[in-house]
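The structure under discussion appears below in the form of structure tokens.
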Amino acid sequence: MPIAYNKRTHLCGQLRAAQTGEQIILAGWVNTSRDHGGMTFVDVRDHTGITQLRFNPEVAPEAHKAARTLHNEDVIAVTGKVAHRGEWVNPKIPTGEIEIEVAEIDIINRCEPLPFQVNDPGDTSEDMRLRYRFLDFRRPEIQRIFRMRHAIAKAVRDYMDDNNFVEVETPFLTKSTPEGARDYLVPSRVRPGTFYALPQSPQIFKQLCMIGGFDRYAQIVRCFRDEDLRADRQPEFTQVDLEMAFVESGDVMAAVEGCVGKMFKAALDIDIDTPFPCITYEEAMDRFGCDAPDTRFGLELTDVTDIMKETDFKVFREAIENGGLVRCIVASGGEKLTRKVTDGLTEEIRGIGGTGLPLVKVSEDNGSLKFSTGVAKFLHPVCDRLCSAVGAKAGDTIFLMPGSRDEVGKYLHYVRTRLARILDLIPDDQWNLLWVLDFPLVVWDEEEKRWFSTHHPFTAPRDEDIPLMDTDPGKVRSKAYDLVLNGTEMAGGSIRIHNKDVQNKVFSLLGISEEEAHAKFEFLLDALRFGAPPHGGIAFGLDRWVMLMSKSASLRDVIAFPKTQRAVCPLTNAPTEVSQPQLDDLFLKLNLPPAK
RNA sequence: GGGGCCGUAGCUCAAUUGGAUAGAGUACCGGACUGUCGAUCCGGUGGUUGCGGGUUCGAAUCCCGUCGGCCUCGCCA
């Protein structure tokens, strides 16, 4: 019996007791059915919820007969009357006070046996879910994530519009840029042998927009990087990209704070405190060993180089004599730090390149503190000094790390975050936002023996540090700022160079020759010559924000059609081979490695 | 490119650690049932244990290779 599904009167999650007695039309998918031979119940579902349909053979024999043939995920429409459930109210669902006394049913489209159960909240493998993502989308939890994503994106657009940002679209078929990640390339048909690159970010285009007088630009835009994947890294991802003219760092940060506030309100109805706290790169590295610290818990690093100088422990002495240092973390809750756990940590440190994890346990003996286990025998002479310097008390464990500044930071940061999880110190439902400022402009790469941009080659140095570019480049601080949420870098930006001489100076520091700079950035250098205003901006990874806000475990959860770890789309199976004529059009010849 | 975990029915998992005909839930098919809401009850179909080799009297189980998924180091300004 055809039913005008386009005239449905309600969605499946809407009806309440107040509508009792009304004639309605519903349409949706069969979530479950319960056939008693006589009375048959079917739950019909759409994105708003489920409603129970009652098929009574004495009221509507034909509809009842049809209902008994239904399977999960059949598409149906029904007409009927809203009935109060009386003594059979189901408090578990919002529509549980009512049910539909069905008069007619239209079985619009039958569903074949499913590869997995849509209505099963249990764990289907991610593999399966992504292969049949359209079925996965029908689940309420997945709907929740993508509707949250929509709300966040809308909040961003509304905020940008309210604050006079102009959305300008930038090209996807663009030019390969030096440094940064590997590019995705697209061959040109009309200029044989040449390639476009998909943008890693619209960086230069948004700068050109500023130079062109847009004043404020914002775009929610796809970016592409051909690097190995991780749980929080996809080859194509979405950035909220913005740029502002005539600003200093604080202005961009304030704009971001306003935007992030709207995002939290829209996604979680949370009011975020502004301004966000700030910390310098230097301080972050000293206190946390990491430029994106998680401030939801303590376990901060303490420098104990001076004390360790006086021990006989060779490992520490040598590190210090070689210009290194010793820092430590003090953890309470020793009962959870069993030998097995600390041995495991030591193994993990070795796994990321370390040589070990010296530690001591603190205990009390006749009123005074003592060290035991681990490297205790080397540290007895400095026990009192060390304990008072780091505030250790009986029951604590002290994790020490000798080495260069970078090594100590890397390993203790690892230890710190692992301990936080082991000791259950990370509060749920806390959103610690933090600006990290004053990054070094460039870092020395020992392998390639040259300077690399910490941020990117267009980041402005702090004015007072410009002279250092000639004498001590590593000391030059940049006008860059990173936004960190709960220990994850969520946004990064900077004030850009608007002066061609400074830009050329940076290029030469990075070892980009004049010819190369000219070939690759002529348009930017040109623009800087023709009246470029001071400008700066930021970009944040929208996917990551949605991932954290929705408490998802993986970026794949918040991207509609994500790629697997080998960058394959499980739905379309892309990338796939193409035909010889397609290759011929592009003047491409394959040069494949020999088959194994 | 390196390290780790995993791969058994359409799906989610088990198989007493090398032993007999590889089981269960769910889905699917058939039957019973008038108030269920993860309906219930009875019966049934369904297997190249990812693939290829090897060890063994005997392999889902051990070894080697390979493919695929996930985590991770490198990489990702």
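Order of the sequence lines fixes the chain letters, A, B, ..., with proteins taken first and strands second; residue numbering starts at 1 for each chain. In what follows, every heavy atom counts, from backbone to side chain, and hydrogens, waters and symmetry copies are set aside.
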Contact pattern, 5' to 3', of nucleotides 36-42 of chain B - B, S or - by protein heavy atom under 4.0 Å: BBSB---
Protein heavy-atom contacts under 4.0 Å, written 5' to 3' over nucleotides 6-12 of chain B as B (base), S (sugar-phosphate only) or - (none), form the string ----SSS
Residues from residues 224-240 of chain A sitting under 4.0 Å of RNA chain B, heavy atoms only? A:Arg225, A:Glu227, A:Asp228, A:Arg230, A:Ala231, A:Arg233
If you take any heavy atom closer than 4.0 Å to RNA chain B, which residues from residues 562-571 of chain A end up in contact? A:Thr564, A:Gln565, A:Arg566
Watson-Crick or G-U wobble partner of [N], both distances under 3.5 Å:
N: B:C5; answer: B:G69
N: B:A59; answer: none
N: B:A24; answer: B:U12
N: B:C37; answer: none

How many whole angstroms separate atom [atom1] of [X] from atom [atom2] of [N]?
X: A:Leu441; N: B:A77; atom1: CG; atom2: C1'; result: 11 Å
X: A:Glu97; N: B:G35; atom1: CD; atom2: C1'; result: 17 Å
X: A:Glu347; N: B:G4; atom1: CD; atom2: P; result: 12 Å
X: A:Phe452; N: B:C75; atom1: CZ; atom2: P; result: 10 Å
X: A:Asp127; N: B:C13; atom1: CG; atom2: P; result: 12 Å
X: A:Arg421; N: B:C71; atom1: CZ; atom2: P; result: 14 Å
X: A:Arg496; N: B:A77; atom1: CZ; atom2: P; result: 14 Å
X: A:Tyr132; N: B:G69; atom1: OH; atom2: P; result: 16 Å

Base, sugar-phosphate or nothing for A:Thr51? Non-hydrogen atoms, less than 4.0 Å.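 Touches nothing.
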Please list all pairs passing the salt bridge (charged side-chain N to carboxylate O under 4.0 Å, His left out) test where one or both residues lie in residues 476-489 of chain A, with sequence neighbours left out.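 Qualifying pairs: A:Glu248-A:Lys479, A:Asp463-A:Lys479, A:Glu464-A:Arg477, A:Asp465-A:Arg477.
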Looking at A:Arg225 and A:Glu227, is there a salt bridge between them, counting it only when a charged N and a carboxylate O are closer than 4.0 Å? no
Between A:Glu126 and A:Arg133 (salt bridge meaning N to carboxylate O under 4.0 Å), is one present in this structure? no
Nearest heavy atoms of A:Lys206 and A:Ile538, plus distance in Å: NZ-O, 3.4 Å
List in chain and number order the residues that pass side-chain hydrogen bond (donor to acceptor under 3.5 Å, both in side chains) with [X], two or more places apart in sequence or in another chain; answer none if no residue qualifies.
X: A:Thr48; answer: A:Asp46
X: A:Asp74; answer: none
X: A:Arg129; answer: A:Asp136
X: A:Lys505; answer: A:Asp470

Taking for each residue the nucleotide of RNA chain B bearing the nearest heavy atom, is the 5' side occupied by A:Asn56 or by A:Ile352?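 Nearest nucleotide further toward 5': that of A:Asn56.
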If you assign A:Phe458 and A:Arg556 each to the RNA chain B nucleotide with the nearest heavy atom, which residue ends up on the more 5' nucleotide? A:Arg556
Is it true that, when you exclude A:His518 itself, more than 12 heavy atoms of the residues, nucleotides or ligands shown sit nearer than 6.0 Å to its NE2?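 Counting other residues, nucleotides and ligands, NE2 of A:His518 stays at 12 neighbours or fewer.
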A:Glu22, CD: over 12 other non-hydrogen atoms inside 6.0 angstrom: yes
Under the ring-ring contact (aromatic ring centres under 6.0 Å, His included) rule, collect the residues that match up with A:Phe288, sequence neighbours excluded. none
According to ring-ring contact (aromatic ring centres under 6.0 Å, His included), who are the partners of A:Tyr281, at least two apart in sequence or on a separate chain?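 A:Tyr281 satisfies ring-ring contact (aromatic ring centres under 6.0 Å, His included) with A:Phe439 once adjacent residues are dropped.
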Distance between the C1' atoms of B:U45 and B:C28, in whole angstroms?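 Each nucleotide's C1' atom is 8 Å from the other's.
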Check whether any side-chain N or O of A:His71 sits under 4.0 Å from OP1 or OP2 of B:C29, and answer yes or no. yes
OP1 or OP2 of B:G30 under 4.0 Å from side-chain N/O of A:Arg68: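 No, A:Arg68 has no side-chain N/O under 4.0 Å of OP1/OP2 on B:G30.
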Which pairs with one or both residues in residues 473-499 of chain A pass ring pair (Phe, Tyr, Trp, His ring centres under 6.0 Å), sequence neighbours excluded? none
Spatial distance of atom OG1 (A:Thr564) from atom CG (A:Leu571) [nearest 0.5 Å]: 12.0 Å
Taking the chi torsion of B:U40, is it syn (within 90° of 0) or anti (everything else)? anti
When you look at A:Thr459 and A:Leu441, which way does the side-chain contact (heavy atoms from CB on, under 4.5 Å) test go after all the steps? CA-CA 7 Å; A:Thr459 301; A:Leu441 185 71; 4.3 Å; yes
